[in-house]
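Because only heavy atoms are used, hydrogens play no part in the values below, and waters and symmetry mates are left out as well, while side chains stay in.
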Amino acid sequence: MITGGTAVGGAVPTVQWKEFGVRLGFLPYIQDGDLIRLTVASEVSSIDKNLGTIIVPGGTPVPGLNTRKSQTTVELRDGQTLAISGLLQVTLDDTTARIPGLGDLPVIGPFFSNNTGERIEKELVVLITPRLVEPMNCDQVGPRPGDEVNEPNDLEFFLLGRIESRVGRDFRSTTQWDDPLNHVKKLKLERRYCEGSTGFSP
């Protein structure tokens, strides 16, 4: 977020939201021979107080954004990996604390001062592996996460201490009381697979 702005007749501070951080955008094109032309645009931005400006005299400085961008276009096959690096950021921060008077002496001054240095290096590495997705038939769709895990019934949970059912039957305690005799499920299956005046099942 940065703030700033001017209005006619004088400076009026406003608020304007700016996105910053890591942004990655890519646009693939499928060409002949299953060749993938991929356009990749990466951006890294961070708040930098050294790039700030003062909108209102005597006011708080408005921080700026330090942005680094890269864009490239490559041609890849299915399963090949593109690696992009080089968005390097180096931050140096040095601080000197000294005792007033004693720290300014020419020879013994360093004994009454403390120098602290910090160096931060950040580099963004982007790895992209394009894949060609083909349509699937209904019989090729695998189970969803959790479809193969059944809830244990009261006997398994309290007596056997199981957290997953091993009997192979669907059991949900939240809906089990709706159909205690298990007739509603059979009626739903009949309406789904039976058609026509006399009914038939594929």
Side-chain angles (χ1 to χ4, degrees), residues 1-2 15-52 63-93 117-153 156-157 160-176 185-186 188-195 200-202:
M1 179 192 71
I2 65 173
V15 177
Q16 182 180 4
W17 298 93
K18 292 290 185 179
E19 295 180 350
F20 67 93
V22 178
R23 176 184 297 177
L24 178 63
F26 51 88
L27 182 62
Y29 292 96
I30 309 301
Q31 298 182 338
D32 295 338
D34 292 338
L35 187 64
I36 303 174
R37 172 168 290 187
L38 186 64
T39 301
V40 181
S42 57
E43 176 182 337
V44 181
S45 58
S46 59
I47 296 178
D48 191 352
K49 296 182 179 180
N50 296 326
L51 301 177
L65 292 179
N66 186 359
T67 305
R68 301 175 305 282
K69 301 180 181 180
S70 68
Q71 184 174 354
T72 183
T73 301
V74 295
E75 293 182 352
L76 301 172
R77 293 289 181 181
D78 182 21
Q80 294 181 341
T81 302
L82 168 67
I84 301 177
S85 62
L87 294 177
L88 181 64
Q89 178 185 4
V90 180
T91 304
L92 300 177
D93 188 7
E118 184 180 12
R119 179 185 178 93
I120 301 176
E121 295 184 2
K122 297 180 181 180
E123 183 176 6
L124 176 65
V125 178
V126 180
L127 300 175
I128 300 177
T129 303
R131 294 288 185 179
L132 293 177
V133 180
E134 298 180 356
M136 301 175 60
N137 297 325
C138 59
D139 56 347
Q140 296 176 337
V141 179
R144 298 173 299 176
D147 286 347
E148 298 178 344
V149 179
N150 296 324
E151 182 182 351
N153 53 28
E156 291 180 303
F157 183 76
L160 302 179
R162 297 175 181 174
I163 60 175
E164 296 180 5
S165 177
R166 300 181 185 176
V167 297
R169 294 190 299 269
D170 184 20
F171 176 79
R172 289 178 297 166
S173 57
T174 55
T175 59
Q176 192 70 13
K185 185 176 181 180
K186 295 179 181 179
K188 290 182 179 180
L189 290 175
E190 183 178 354
R191 288 196 300 266
R192 181 177 179 182
Y193 293 104
C194 295
E195 300 178 2
F200 64 92
S201 179

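In this structure, Leu38 and Leu27 have side chains that are not in contact, with every pair of non-hydrogen atoms separated by 4.5 Å or more. The side-chain heavy atoms of Ile36 and Leu132, taken from C-beta on, include a pair separated by under 4.5 Å. Residues Ile47 and Leu65 have side chains in contact (heavy-atom distance under 4.5 Å, counting atoms from C-beta outward). Contact annotation: the side chain of Pro130 never approaches that of Pro28 to less than 4.5 Å [non-hydrogen atoms, C-beta and beyond].
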Step-by-step side-chain contact (heavy atoms from CB on, under 4.5 Å) determination, Gln71 to Thr39: CA-CA 7 Å; Gln71 184 174 354; Thr39 301; 3.8 Å; yes
Kindly determine whether Leu24 and Val126 satisfy side-chain contact (heavy atoms from CB on, under 4.5 Å), including the steps that lead there. CA-CA 9 Å; Leu24 178 63; Val126 180; 4.0 Å; yes
Salt bridge (charged side-chain N to carboxylate O under 4.0 Å, His left out), that's the test. Do Glu164 and Arg166 meet it? Break it down for me. CA-CA 7 Å; Glu164 296 180 5; Arg166 300 181 185 176; over 6 Å; no
Test Ile84 against Val40 for side-chain contact (heavy atoms from CB on, under 4.5 Å), laying out the working first. CA-CA 9 Å; Ile84 301 177; Val40 181; 3.9 Å; yes
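For Glu75, the side-chain hydrogen bond (donor to acceptor under 3.5 Å, both in side chains) test picks out Arg37, with sequence neighbours left out. Scored by the salt bridge (Lys or Arg N to Asp or Glu O under 4.0 Å) test, Glu156 finds Arg162 as partners (sequence neighbours excluded). Take Glu19 and apply the salt bridge (Lys or Arg N to Asp or Glu O under 4.0 Å) test, not counting sequence neighbours, and it matches Arg23. Under the salt bridge (Lys or Arg N to Asp or Glu O under 4.0 Å) criterion, Glu118 pairs with no residue at all, not counting sequence neighbours. Scanning for side chain to side chain contact (heavy atoms under 4.5 Å, CB included) contacts around Glu134 gives an empty result, with sequence neighbours left out. Taking the salt bridge (Lys or Arg N to Asp or Glu O under 4.0 Å) definition, one finds that Arg131 meets it with nothing, sequence neighbours left out.
Looking only at distances, no side-chain donor or acceptor of Thr67 sits under 3.5 Å from a matching main-chain atom of Ser45.
The shortest heavy-atom contact between Ser70 and Ser42 is OG-OG, 2.5 Å.
At most 12 non-hydrogen atoms from other residues, nucleotides or ligands lie less than 6.0 angstrom from CD1 of Ile163. Summarising the local packing, CG of Asn137 is surrounded by more than 12 heavy atoms from other residues, nucleotides or ligands at distances under 6.0 Å.
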